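To start, the structure itself, in structure tokens.
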Amino acid sequence: MGKKLTRSFFNRPTIEVAKDLLGKYLIKGNFVGEINEVEAYDGAIDPACHSFNGKTKRTEVMFGKPGVSYVYFIYGMYHCFNVVTEKKGNGCAVLIRGVKPISPTNLKTNGPGKLCRAFNITKKDNCIDLCTSKNFYIEDRKVIPKIIKTSKRIGINKGKNFEWRFYY
DNA sequence: GTCCCGATTCTA
DNA sequence: AGAATCGGGACT
């Protein structure tokens with residue numbers, strides 16, 4: 001249907017990728033959602049970013065190829081889904097915070113934890129290359145958000161000043 | 001091994 | 001405002 005996002009889309013400055021992900025379609029098996037809320041995490045200057053204090057087993061994937069999924073477990077009960085951005089080694093990613101459910105339309109997908117629960121995204125979906133996967137990827141269906149809103153990020157205690165949450 | 005905290009969500 | 005709930009990471 002749409003065109004799958006390629007490596008070069010993700011291999012750009014994280015803020016740009018974050019904004020450009022709005023209106024794109026997330027595909028996970030039979031689940032489809034239009035991305036409408038994201039947050040940028042730039043490991044170079046952002047203390048809230050998991051990769052800020054260097055590479056660990058968990059954050060290793062963030063230092064890898066752009067376009068690869070970074071899924072982590074949080075608060076003992078939720079998963080959060082990110083896409084790695086920028087060139088290998090930079091440790092940056094975009095958190096997908098919410099989508100508008102397209103298929104099926106009754107899913108509750110407003111919020112990173114709820115999105116992962118609805119789309120069945122778990123640790124086994126960590127480290128998946130979204131540029132080559134057949135059942136987990138993001139595509140462009142030529143939806144252009146008219147107005148992109150910006151705000152501070154949700155639920156963090158560091159890097160509070162960055163206005164790196166984008167939604168519409 | 002121990003301890004603290006977290007990119008959330010739901011209830012009130 | 002508080003609870004639920006447990007893995008990651010820093011530190012001993």
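Note that the structure is predicted; figures quoted are calculated from it, not measured. The figures that follow rest on heavy atoms only: side chains count, while hydrogens, waters and symmetry mates do not.
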Determine whether the aromatic ring centres of residues Y70(A) and Y41(A) are separated by less than 6.0 angstrom.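 Ring-ring flag for Y41(A)/Y70(A): false, centres at least 6.0 Å apart.
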Can you see which heavy atom on I74(A) is nearest to which on C80(A), and at what distance?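 Scanning both residues completely, I find the closest heavy atoms to be CG2-SG, 4.0 Å.
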Please state how far atom [atom1] in [X] lies from atom [atom2] in [N], giving the value in whole angstrom units.
X	N	atom1	atom2	result
I74(A)	dG9(C)	CD1	C1'	12 Å
K57(A)	dA10(C)	NZ	P	15 Å
H79(A)	dT5(C)	NE2	C1'	13 Å
Y78(A)	dA7(B)	OH	C1'	14 Å
L21(A)	dA7(B)	CG	P	20 Å
N126(A)	dG7(C)	CG	C1'	14 Å
I96(A)	dT8(B)	CD1	P	14 Å
F52(A)	dG9(C)	CZ	P	16 Å

Quote, to the nearest angstrom, the P distance that separates dT2(B) from dT5(C). 22 Å
Complementary nucleotide for dT5(C) - Watson-Crick or wobble, under 3.5 Å: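 Pairing partner, where one exists within any strand: none, as none qualifies.
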Identified pairing partner of dT2(B), criterion: Watson-Crick or G-U wobble below 3.5 Å: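 Looking at the geometry, dT2(B) pairs with dA10(C).
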Indicate, yes or no, whether a donor-acceptor pair under 3.5 Å links the base of dA7(B) to the side chain of Y72(A). yes
On the nucleotide [N], are OP1 or OP2 found under 4.0 Å from the side-chain N or O atoms that [X] carries?
X	N	answer
N82(A)	dA7(B)	no
K114(A)	dC10(B)	yes
R58(A)	dG9(C)	yes
K108(A)	dC10(B)	no
R97(A)	dT8(B)	yes

Base, sugar-phosphate alone, or nothing: which one does [X] contact when heavy atoms must sit under 4.0 Å apart?
X	answer
G113(A)	sugar-phosphate
F73(A)	sugar-phosphate
I156(A)	sugar-phosphate
R117(A)	sugar-phosphate

State, with a plain yes or no, whether a side-chain heavy atom of V32(A) is found less than 4.5 Å away from one of R141(A).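 A side-chain contact under 4.5 Å exists here.
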What's the closest nucleotide to the K123(A) side chain, out of dG6(B), dG9(C), dG8(C)?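 Selected nucleotide: dG8(C).
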Any idea which of dG7(C), dA4(C), dT9(B) is nearest the M77(A) side chain?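 The closest nucleotide is dA4(C).
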If you measure from the ring centre of Y75(A) to the centre of the six-membered ring in the base of dA4(C), is it under 5.5 Å, with the planes under 30° apart?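 No; by the centre-distance and plane-angle rule, Y75(A) does not count as stacking on dA4(C).
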Quick check: on DNA chain B, is the nucleotide nearest G111(A) upstream (toward 5') of the one nearest G76(A), or the reverse? Name the residue that is more 5'. G76(A)
Pair D125(A) + K123(A): basic N to acidic O under 4.0 Å: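 A salt bridge is absent here (no side-chain N lies under 4.0 Å from a carboxylate O).
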Regarding K28(A) and the six-membered ring of F119(A), is the cationic atom NZ or CZ under 6.0 Å from the ring centre and inside 45° of its axis? no
How about N120(A) and T122(A): does a side-chain donor come under 3.5 Å of a side-chain acceptor?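 Looking only at side-chain atoms, T122(A) and N120(A) do not form any donor-acceptor pair under 3.5 Å.
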